[in-house]
Amino acid sequence: MNPGVIPGAEQTDQGVRTRVLLILAVALITTGTTLVSLLAIRRPLRNLIVDNVSSELLHSVATFENVRSQRMTALDRENALLADLPSLKALMTTSDERTIADGAVEFWKTSGNELFALADRNGRIMAALVAGGAADQAFRADLQSFVSGQQGSYFVSGNRLFECSVKPLYFGSSSEGTLLGYVVSGFAIDHAAVEALSRATNVDEVFLRNGHLLASSLDPRFEKEVSGIPAHPSSEVSAAFTIMLGGERFLAVSRQLSPDPAAPLTLVELKSLEPEERAIREIDRLVLMAGSLALVLGAVLMALLSRFVTRPLEQLAAGVRAFGSGDSSHLLPYRGTREVRELSAAFAGMRREIVDANQALLESERLATIGRMASSVSHDLRHYLAAVYANSEFLASGKLPESERAEILAEIRTAVNGTTELLESLLMFGRTGSPGRRNLHSVTSFVEKAVGMARAHPDAACVTFSVEAGDAAETEVLADAKQIERAIYNLLLNGCQASRAAGTAPGVAIAVIAREEDVVIDVTDNGEGVPTGVRDTLFEPFVSEGKHKGSGLGLTLTQSIAADHGGGVMLVRSRPGETVFRMSVGRGSSRASSAFASHARMGE
């Protein structure tokens with residue numbers, strides 16, 4: 001693994017940005033706070049409004065009783081004065097209904113009440129006068145029942161409601177005199193009266209008899225619906241209850257005014273909750289507006305704040321990515337919060353340590369490589385130079401026959417060629433990685449030239465070569481001819497050395513296979529096979545342990561040349577009698593290297 005690459009840097013899951021999380025958190029907190037505020041304010045406020053309206057209704061009931069009591073006190077006093085008038089007593093002594101009816105007009109005008117009536121001692125109505133309409137027979141019959149029954153002070157006839165005072169007329173004193181009849185005075189409880197009462201109590205008043213509306217201060221569109229309110233069974237004020245009238249919510253209390261169970265008279269006092277509902281909705285709107293404004297301002301402020309916080313983090317992440325790709329000079333952030341600055345400083349220190357450690361490691365590996373190279377090359381050079389030196393002494397003696405001189409000269413030539421080959425390998429190994437000059441060539445021609453070069457090498461003596469190649473045009477690649485020939489030559493020479501070491505009839509087979517993206521060369525020998533302990537280090541430079549002979553650069557050089565040409569070298573299989581090395585050369589496309597790696601994973 002490259003020491004400069006950070007593990008996991010190749011992952012593609014980038015997650016969510018911190019800025020987005022911060023803004024989302026502010027949005028959730030603001031929204032949640034707004035909703036909780038609405039719920040926290042709305043319920044107590046609604047309960048408070050209901051309590052206040054209930055108190056207001058109960059207060060209005062008390063106000064109604066006070067007003068009624070004052071009016072009834074005044075009415076009783078006025079009616080008592082009329083009952084004591086001698087002229088009225090004289091009128092009642094006539095017992096003539098027409099005379100009493102005519103005389104009652106003057107007394108009615110004097111009283112100023114909406115209802116005035118005179119009844120004889122048996123309760124029969126002798127005169128009945130009412131404002132705003134005539135007293136018909138039904139009205140007189142209902143009034144007679146009221147006077148005879150004497151149940152409460154409320155008189156109801158048809159759709160008309162009155163509160164009346166009934167006083168007896170005595171000839172003489174009330175204790176010893178003779179009962180002449182009754183004086184009835186009353187005031188009407190109609191729409192105008194209820195309106196005046198409603199203005200005084202600030203609530204709406206409704207009078208119902210058996211659910212039938214008698215008088216009301218309500219809007220006419222609500223009157224039909226209010227008629228369905230059941231009669232209250234008690235004279236005590238009921239608990240506040242809610243009713244819906246015309247889609248509008250009202251809070252109401254009720255009480256029974258008349259003791260007559262057959263036709264109970266009920267007072268209902270109502271107050272609309274619509275103004276309070278509008279106030280609640282206005283408060284909700286204000287809270288939502290405040291929440292929305294807080295959300296917008298909070299999001300903007302958090303965006304600015306997160307920009308201040310996350311921008312250095314993004315710069316630091318960019319520095320980490322740059323360092324992972326090998327750029328150790330990328331500028332790291334020096335601004336931001338304390339934590340970001342500390343993290344940036346820590347990463348800068350770590351980066352310096354890693355760069356220094358990598359540099360030291362590379363220097364150590366370079367020195368180790370030079371040492372291995374010197375150790376390997378010096379052994380071969382000493383061997384070749386010793387052969388040249390010894391054979392040169394023999395030649396210098398001048399006493400050797402011509403045949404021995406030729407043999408010694410051949411050995412010197414072999415040593416010189418070996419030295420030259422070793423130096424060429426070192427030079428070519430140093431040049432690997434550079435593109436070089438490449439032209440379109442046939443791999444088949446490379447194989448033929450490499451076989452010719454291998455046959456001339458002493459290690460190929462007695463080795464049988466077999467070549468299986470297809471059409472030369474199908475194996476064309478864009479390559480450096482000299483490098484590819486050398487790479488194939490190294491594989492062939494390696495096979496020759498392995499097959500000769502086995503002691504059997506040595507043989508090397510070469511097969512050229514054309515594929516879509518590359519050309520494959522399989523080199524098979526019949527040697528003993530590659531030892532298991534050597535296979536992991538087979539392509540490392542200057543590693544000759546376990547190999548039959550040489551400096552340890554042959555396979556390494558072949559691997560580097562193949563990699564430079566978009567391919568590679570691999571050991572396909574190795575067993576006694578069959579060892580197969582495979583080399584691939586890309587046709588000049590960048591896809592060839594990935595194709596070779598795919599085939600290598602599949603074990604082709």
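Just so it is clear, the values below take in all heavy atoms, side chains as well, and ignore hydrogens, waters and symmetry mates.
Under 3.5 Å, the side chains of Glu56 and Ser60 contain no donor-acceptor pair of N or O atoms. Side-chain contact annotation: Glu476 with Ser442, donor-acceptor N/O pair under 3.5 Å absent. Side-chain polar atoms of Ser254 and Thr266 form no donor-acceptor pair below 3.5 angstrom. No side-chain N or O of Asp564 forms a donor-acceptor pair with one of Gln483 less than 3.5 Å apart. For the residue pair Asp480 and His565, no side-chain donor N or O sits within less than 3.5 Å of a side-chain acceptor on the partner.
Annotation: side chain of Val253 is not in contact with side chain of Val268 (no heavy-atom distance under 4.5 Å). Between His212 and Leu214, the closest side-chain pair of non-hydrogen atoms falls below 4.5 Å. Side-chain atoms of Leu251 and Leu270, non-hydrogen and from C-beta on, never get closer than 4.5 Å to each other. In this structure, Val477 and Leu440 have side chains that are not in contact, with every pair of non-hydrogen atoms separated by 4.5 Å or more. Between Val206 and Leu267 there is no side-chain heavy-atom pair separated by less than 4.5 Å. Looking only at side-chain heavy atoms (C-beta outward), Val520 and Val443 stay at 4.5 Å or farther from each other. Side-chain contact between Arg587 and Leu478 is absent, with no heavy atoms from C-beta onward closer than 4.5 Å.
Between atom CE of residue Met583 and atom CD1 of residue Ile521 there is a gap of 5.0 Å, rounded to the nearest 0.5 Å. To the nearest 0.5 angstrom, Leu245 atom CG is 6.5 Å from Leu218 atom CG. Separation of atoms CG (Asn66) and NE2 (His59) is listed at 8.5 Å; rounding is to 0.5 Å. Between the OG1 atom in Thr30 and the CG atom in Leu297 there is a gap of 9.5 Å [rounded to 0.5 Å]. The distance from the CG atom of Leu257 to the CG atom of Leu161 is 8.5 Å, given to the nearest 0.5 Å. Rounded to the nearest 0.5 angstrom, Phe222 CZ and Asp204 CG are separated by 9.0 Å.
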(message) side chain to side chain contact (heavy atoms under 4.5 Å, CB included), that's the test. Do Arg71 and Leu75 meet it? Break it down for me.
(response) CA-CA 6 Å; Arg71 293 196 66 178; Leu75 186 63; 6.0 Å; no

(message) The test is side chain to side chain donor-acceptor pair (under 3.5 Å); show your working for Arg68 and Ser153 and say whether it passes.
(response) CA-CA 11 Å; Arg68 173 184 173 278; Ser153 60; 2.9 Å; yes

(request) May I have the step-by-step check of salt bridge (Lys or Arg N to Asp or Glu O under 4.0 Å) for Glu274 and Arg281, ending in yes or no? (result) CA-CA 10 Å; Glu274 183 60 26; Arg281 288 195 294 270; 2.8 Å; yes

(request) Decide side chain to side chain donor-acceptor pair (under 3.5 Å) for Ser198 and Glu205; before the verdict, give the C-alpha distance in whole Å, the side-chain angles of both, and the deciding distance to 0.1 Å. (result) CA-CA 6 Å; Ser198 176; Glu205 312 281 345; 5.9 Å; no

(request) Evaluate side chain to side chain contact (heavy atoms under 4.5 Å, CB included) for Tyr489 paired with Asn494, printing each intermediate quantity in order. (result) CA-CA 8 Å; Tyr489 168 76; Asn494 185 74; over 6 Å; no

(request) Check the pair Leu58 / Val237 against side chain to side chain contact (heavy atoms under 4.5 Å, CB included), numbers first and verdict last. (result) CA-CA 8 Å; Leu58 294 176; Val237 180; 3.6 Å; yes

(request) Please report the C-alpha distance between Phe64 and Leu197 in whole Å, then the side-chain angles of each, then the deciding distance to 0.1 Å, and finally whether the side chain to side chain contact (heavy atoms under 4.5 Å, CB included) criterion is met. (result) CA-CA 7 Å; Phe64 169 76; Leu197 185 61; 3.0 Å; yes

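Of all heavy-atom pairs spanning Ser216 and His191, the tightest one is O-ND1, 2.8 Å. Nearest approach of Ala193 to Ala188, heavy atoms of both residues: CB-O, 3.7 Å. Pairing each heavy atom of Glu276 with each of Lys271, the nearest pair is OE2-CE, 4.3 Å. The nearest pair of heavy atoms linking Ala562 to Val569 is CB-CG2, 3.9 Å. The shortest non-hydrogen separation linking Val194 to Ser217 is CG1-N, 3.5 Å. Nearest heavy atoms, Thr475 versus Ala514: CG2-CB, 4.2 Å.
With ring centers used as reference points, Tyr154 lies 6.0 Å or more from Phe207.
Under the side chain to side chain contact (heavy atoms under 4.5 Å, CB included) criterion, Ala279 pairs with no residue, sequence neighbours left out. Judged as a side chain to side chain contact (heavy atoms under 4.5 Å, CB included), and not counting sequence neighbours, the contacts of Ser574 are Val530, Arg535, Leu571, Thr579. Remark: Phe187 engages no residue in a ring pair (Phe, Tyr, Trp, His ring centres under 6.0 Å) (not counting sequence neighbours).
Taking the charged nitrogens against the carboxylate oxygens, Glu282 and Arg285 do have a contact shorter than 4.0 Å, which makes a salt bridge. Salt bridge annotation for Arg249-Glu277: present, with a cationic side-chain nitrogen under 4.0 angstrom from a carboxylate oxygen.
Only one option out of Thr33, Thr34, Leu35, Leu28 pairs with Thr31 in a side chain to side chain contact (heavy atoms under 4.5 Å, CB included); it is Leu35.
Between Phe446 and His441, the angle of the ring planes lies from 30° to 60°, which puts this pair in the tilted group.
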